[in-house]
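Have a look at the structure below before the remarks.
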Number of protein chains: 2
Amino acid sequence: MRKKRETPAEGSPVTGPALLDHAVCFAVYSAGLAFNRVYKPILDRFGLTYPQYLVMIALWQAEGQTVSELGEHLFLESNTLTPLLKRLETAGFVTRRRDKADERQVRISLTAKGRKVLEEASCVPQQIFEAAGMPVEKLAALRGTLADLRDNLRAAAAEKA
Amino acid sequence: MRKKRETPAEGSPVTGPALLDHAVCFAVYSAGLAFNRVYKPILDRFGLTYPQYLVMIALWQAEGQTVSELGEHLFLESNTLTPLLKRLETAGFVTRRRDKADERQVRISLTAKGRKVLEEASCVPQQIFEAAGMPVEKLAALRGTLADLRDNLRAAAAEKA
DNA sequence: GAAATATAAATCGCGCGCGATTTAATCGCA
DNA sequence: TGCGATTAAATCGCGCGCGATTTATATTTC
């Protein structure tokens, strides 16, 4: 008996096909917790949290993004990003400066120190990959399904608003 | 062009098969955010957060669990659960009392009010299922893969400690 | 049975996420 | 040109997650 039951018992307030959905949602939730537990001690050595690491990688891909553009890539908003970016700035990993042409916007760039720490952390994903212990094809399928699911959920949330 | 790119550009510090893992981790992370955005406004009407909702369902399945037992089911620990349970107690949804036989342990039970709100919330999973917009078989497979992934990650984290 | 050890829960500090609001800059339009 | 509407970021409050520590109870060992 390696596995715990993942589905509620009979007589539960959760029944039918929705029951499965509850389990899927919980599976996403608990997998996220598990990822974080693996990531945290590794990223700690570089002085980064996982969301900070995501921001740094997004900046590596495209320098000088605005807060909103970063948010579109990471599905976050300024209420989360602004304090996070200030911490990255304090740590010396990024710079924040108002756009000259439109002073409402703030453009974020990696510093040399930021690029350096990203290079030092380039071994991190490999360690996570080993911890995941899954064949590449399965991971690829998983990524695709999760992206579809996310897009569906976001679309549903948006149309209710 | 419906989709954004999910893989880092060339020259990125994330390369090789690990790149895929990074993408999977981000997919789990962003799907979790998306789930939360759908869940939150729905659960708000019942005065519950998603972790609180999970705790309530776990208690429906087995009354009188200790804090540790709840933690094993939900992959959480007392540092997260204790304050959460106190909030549920304040809301009148659960009771917390020391085990007579072993006073180190605290046993949690649903109140009548707690069971009532769970029944009222029985429509919630169906709404999430609709928002997910995926066939049941695909969700079932996804759940299984994510559970395996989570177990692998937890095993890897445990053996490092 | 007293001291050392182990265990369960609680406490503390910090960084997210995010709904809601505020502040500041730009745009639209007469 | 002026002034209301829009947009971008920042701010605020609250509830997680979690590493680390503390407190209280139980168990082990001598």
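Every chain is numbered from 1, with letters handed out A, B, ... down the list of sequences.
- Distance Y50(A) OH to dG19(D) C1': 20 Å, rounded to the nearest Å.
- Following rounding to the nearest Å, Y53(A) (OH) and dC16(C) (P) show an atom-to-atom distance of 15 Å.
- Of the listed nucleotides (dA10(D), dC16(C), dA26(D)), dA10(D) has the atom at the smallest distance from the side chain of T82(A).
- Taking for each of S68(A) and D99(B) the nucleotide of DNA chain D with the nearest heavy atom, the 5'-most of the two is the partner of S68(A).
- Ranking dG17(D), dA10(D), dA8(C) by closeness to the R96(A) side chain, first place goes to dA10(D).
- Within 4.0 Å of L84(B), counting heavy atoms only, lie sugar-phosphate atoms of the nucleic acid but no base atom.
- Distance E103(B) CD to dA24(D) P: 13 Å, rounded to the nearest Å.
- The six-membered or imidazole ring of F35(B) lies away from that of Y29(A), with a centre-to-centre distance of 6.0 Å or more.
- Put simply, Y29(B) has a side-chain N or O that comes within less than 4.0 Å of OP1 or OP2 on dG17(C).
- Among the protein residues, Q52(A) comes within range of the sugar-phosphate backbone only, with heavy atoms under 4.0 Å from sugar or phosphate atoms but none that close to a base.
- Rounded to a whole Å, the CG atom of L81(A) is 12 Å from the C1' atom of dA8(D).
- With L88(A) as reference, L48(A) is the one residue of T95(A), I108(A), T49(A), L48(A) to meet the side chain to side chain contact (heavy atoms under 4.5 Å, CB included) rule.
- Here the P atom of nucleotide dC18(C) and the NZ atom of K40(B) are 7 Å apart, to the nearest Å.
- Classification of E89(A) and R96(A) as a salt-bridged pair holds, one side-chain N sitting under 4.0 Å from a carboxylate O.
- In this structure, R98(B) does not reach the dA24(D) phosphate: none of its side-chain N or O atoms is under 4.0 Å from OP1 or OP2.
- In this structure, the nucleotide among dA8(C), dT11(D), dA10(C) sitting nearest to the side chain of R104(B) is dA8(C).
- In the set dA26(D), dC16(C), dA25(C), the nucleotide with an atom closest to the side chain of D102(A) is dA25(C).
- In this structure, T49(A) reaches the sugar-phosphate backbone alone: every heavy-atom distance under 4.0 Å involves primed, P, OP1 or OP2 atoms, never a base.
- Interatomic distance, S30(B) OG to L149(A) CG, rounded to the nearest 0.5 Å: 9.5 Å.
- Counting any heavy atom pair closer than 4.0 Å across all strands shown, R107(B) reaches no nucleic acid atom.
- Candidate nucleotides dT11(D), dC18(D), dA9(D) were compared by shortest atom distance to the side chain of L76(B), and dC18(D) ranks first.
- Taken from NZ in K113(A) to OG1 in T111(A), the straight-line distance is 7.0 Å, to the nearest 0.5 Å.
- Across the protein-nucleic acid pair, R87(B) atom CZ and dT11(C) atom C1' stand 13 Å apart, rounded to whole Å.
- Here S78(A) does not reach the OP1 or OP2 of dA9(D): none of its side-chain N or O atoms lies under 4.0 Å away.
- Among the heavy atoms of the strands lying under 4.0 Å from L33(B) are primed sugar atoms or P, OP1, OP2 only; no base atom is included.
- The nearest whole Å value for the distance from the CG atom in L43(A) to the P atom in dC16(C) is 11 Å.
- Put simply, the side chain of D44(A) and the base of dG19(D) share no donor and acceptor less than 3.5 Å apart.
- Side-chain nitrogen and oxygen atoms of R37(B) include at least one within less than 4.0 Å of the OP1 or OP2 phosphate oxygen of dC18(C).
- In terms of phosphate contacts, K86(B) brings a side-chain nitrogen or oxygen within less than 4.0 Å of OP1 or OP2 of dT11(C).
- Of all non-hydrogen atoms in M56(B) and G114(B), the two that sit nearest each other are CE-O, 3.6 Å.
- Among the heavy atoms of the strands lying under 4.0 Å from A101(A) are primed sugar atoms or P, OP1, OP2 only; no base atom is included.
- Under 3.5 Å, the side chain of N36(A) and the base of dG17(D) form no donor-acceptor pair of N or O atoms.
- Between T80(A) and the phosphate of dG17(C), there is no side-chain N or O to OP1/OP2 separation shorter than 4.0 Å.
- In this structure, CZ in R150(A) is found 9.5 Å from CG in L33(B), a value given to the nearest 0.5 Å.
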